[in-house]
Amino acid sequence: MTTLTRPGPAVGDLLRDWRRTRRLSQLDLSISTGVSARHISFVETGRSRPSPDLILRLAEQLEIPLADRNALLLAGGHAPAYPSHALTDPEMGPVLAAVRHLLDGHDPYPAALIDQHWDLVEANAAIEVFTAGCAPHLLEPPINVLRLSLHPDGMAPRIGNLAEWRAHLLHRLRQQATTTNDPMLYDLLEELSGYPGGTGAAGPTSVVVPLVYQHLSFVSTTTLFGTPLDVTVAGLAIESFFPADSATAERLRAR
């Protein structure tokens with residue numbers, strides 16, 4: 001018996017798809033990378049087999065995520081360039097130590113470490129401000145923080161500016177899905193878009209979009225690792241919430 005394996009997309013097809021996703025012409029990419037438009041055309045049509053250096057050069061300019069750069073290399077018949085460690089691997093020890101230092105140092109204000117699909121990895125004790133009162137099925141691992149925020153059984157009923165906050169989160173998720181071409185993010189976007197909550201505020205009410213939650217008011221920041229060379233690390237982000245007024249700060253410190 002002979003087993004037939006269906007080949008995946010060719011490296012040229014993948015590069016062309018990413019170029020079109022970034023809305024660049026072959027000439028645009030040629031000018032920005034110094035690679036001739038003719039050579040780019042040959043690569044995309046399969047008339048030329050790109051070297052690993054060329055694939056990574058084009059991928060860097062196209063801002064392709066590290067995991068997808070590995071996929072490009074494999075499609076071109078080359079070895080992956082970027083490792084992907086599990087969070088429990090020894091190599092991730094310094095990364096997690098740094099994260100825990102930031103999370104603990106942010107207490108008594110909520111902060112959480114999330115992965116590329118918005119699943120909760122770790123959080124400080126103050127995250128209970130948000131999770132208290134949410135349905136148990138939303139708190140079963142893996143906890144998706146966007147689903148927890150917008151689900152009717154999650155935080156949504158207690159968010160004072162739900163329409164505005166919902167529009168902000170969906171906009172971020174849509175941008176991320178478009179940038180990464182990740183099907184899981186598109187699926188999540190479709191799911192969350194179906195939740196009730198309105199479409200946004202009539203106009204800006206602050207310099208940033210606040211989260212008004214149970215009479216507390218927060219502003220949030222996102223922290224990413226600089227120049228990551230590991231697929232897992234590249235997908236991690238720390239979401240930190242700060243009090244937007246003195247009353248919120250006092251109540252959180254009193255906890």
Side-chain angles (χ1 to χ4, degrees), residues 86-88 96 99-100 102-104 106-177 180 182-201 205 208-223 232 235-245 247-255:
L87 290 170
T88 54
L96 290 180
V99 168
R100 288 163 182 156
L102 291 173
L103 295 180
D104 292 342
H106 196 64
D107 198 64
Y109 311 136
L113 176 68
I114 61 172
D115 66 15
Q116 71 272 24
H117 296 128
W118 292 84
D119 288 338
L120 182 67
V121 179
E122 293 203 18
N124 63 10
I127 204 69
E128 292 181 358
V129 170
F130 296 145
T131 59
C134 294
H137 70 90
L138 294 173
L139 299 176
E140 295 176 359
I143 302 171
N144 186 276
V145 298
L146 293 187
R147 183 179 294 113
L148 182 70
S149 298
L150 299 182
H151 196 286
D153 295 333
M155 295 170 54
R158 291 175 290 280
I159 297 178
N161 60 333
L162 178 58
E164 182 182 35
W165 186 248
R166 177 179 181 273
H168 163 67
L169 291 185
L170 292 180
H171 175 70
R172 283 187 62 182
L173 181 57
R174 186 175 293 106
Q175 282 189 321
Q176 185 183 354
T180 62
D182 190 324
M184 291 184 66
L185 293 180
Y186 279 113
D187 290 344
L188 182 62
L189 177 61
E190 182 179 3
E191 175 192 340
L192 301 186
S193 297
Y195 292 168
T199 57
T205 58
V208 295
V209 177
L211 169 61
V212 181
Y213 191 73
Q214 289 189 322
H215 307 296
L216 301 174
S217 184
F218 298 90
V219 294
S220 64
T221 64
T222 302
T223 303
T232 302
L236 297 178
I238 299 174
E239 295 288 328
S240 305
F241 292 84
F242 295 83
D245 53 46
T248 298
E250 291 173 4
R251 288 184 62 182
L252 291 174
R253 286 196 294 266
R255 294 181 74 251

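Because the structure is a prediction, the values reported are computed rather than measured.
Rounded to the nearest 0.5 Å, atoms OG1 (Thr223) and NE2 (His106) are 9.0 Å apart. Taken to the nearest 0.5 Å, the CE atom of Met184 stands 9.0 Å off from the CG atom of Asn144. Considering CD of Glu164 and CG of Leu211, their distance stands at 10.0 Å, rounded to 0.5 Å.
In the displayed structure, His215 atom NE2 is contacted under 6.0 Å by at most 12 heavy atoms of other residues, nucleotides or ligands.
The main-chain N or O of Gln116 is found under 3.5 Å from a side-chain atom of Gln176 such that the two form a donor-acceptor pair. Checking side-chain atoms of Asp115 against main-chain N and O of His117 turns up a donor-acceptor pair under 3.5 Å. In this structure, the side chain of Thr248 does not engage the main chain of Leu216 through any donor-acceptor pair within 3.5 Å. Listed for the Asn124 side chain is no donor-acceptor partner under 3.5 Å among the backbone atoms of Asp104.
Annotation: side chain of Pro152 is in contact with side chain of Pro196 (closest heavy-atom distance under 4.5 Å). Looking only at side-chain heavy atoms (C-beta outward), Leu236 and Leu87 come within less than 4.5 Å of each other. With contacts defined as side-chain heavy-atom distances shorter than 4.5 Å, the pair Ser240/Phe218 does not qualify. Taking 4.5 Å as the limit, every side-chain heavy atom of Ile238 sits out of range of all side-chain heavy atoms of Thr221. Leu170 is listed as a side-chain neighbour of Ser193, based on a closest heavy-atom distance under 4.5 Å. For the pair Leu169/Leu192, no side-chain contact is recorded, criterion being any heavy-atom separation below 4.5 Å from C-beta on. Between Asn161 and Ile159 there is a side-chain heavy-atom pair separated by less than 4.5 Å. Arg251 places none of its side-chain heavy atoms less than 4.5 Å from the side chain of Pro108.
Contacts of Tyr186 classified as ring pair (Phe, Tyr, Trp, His ring centres under 6.0 Å), with partners at least two apart in sequence or in another chain: none. Among residues two or more places apart in sequence or in another chain, the ring pair (Phe, Tyr, Trp, His ring centres under 6.0 Å) test is passed with Trp118 by none.
What you find for Glu239 and Ile114 is that their closest heavy atoms are CG-CD1, 3.9 Å. Of all the heavy atoms in Ala132 and Arg158, the pair that sits closest is O-NH2, 3.9 Å. The minimum heavy-atom distance linking Val219 with Ala244 is given by the pair CG1-CB, 4.0 Å. Between Pro210 and Ser217, the shortest heavy-atom distance links the atoms CB-OG, 4.3 Å. Counting all heavy atoms, side chain and backbone alike, Ala177 lies closest to Leu185 at CB-CB, 3.9 Å. In terms of heavy atoms, Ala112 sits closest to Leu103 at N-CD2, 3.8 Å.
Pairs engaging residues 121-150 under the salt bridge (charged side-chain N to carboxylate O under 4.0 Å, His left out) rule: Arg100-Glu122, Arg147-Glu191 [sequence neighbours left out].
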When you look at Arg166 and Ser149, which way does the side-chain hydrogen bond (donor to acceptor under 3.5 Å, both in side chains) test go after all the steps?
CA-CA 8 Å; Arg166 177 179 181 273; Ser149 298; over 6 Å; no
Could you walk me through whether Tyr109 and Arg253 pass the side-chain contact (heavy atoms from CB on, under 4.5 Å) check?
CA-CA 8 Å; Tyr109 311 136; Arg253 286 196 294 266; 3.3 Å; yes
Leu138 vs Thr131, side-chain contact (heavy atoms from CB on, under 4.5 Å): CA-CA, chis, key distance, verdict:
CA-CA 9 Å; Leu138 294 173; Thr131 59; over 6 Å; no
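Ring centroids of Phe130 and Phe241 are separated by less than 6.0 Å, placing the two rings close together.
Side chain to side chain, Thr222 and Arg172 meet the donor-acceptor criterion of an N or O pair below 3.5 Å.
Each of Leu120, Asp119, Ile127, Val121 was evaluated against Ile143; a single residue qualifies, Leu120, per the side chain to side chain contact (heavy atoms under 4.5 Å, CB included) test.
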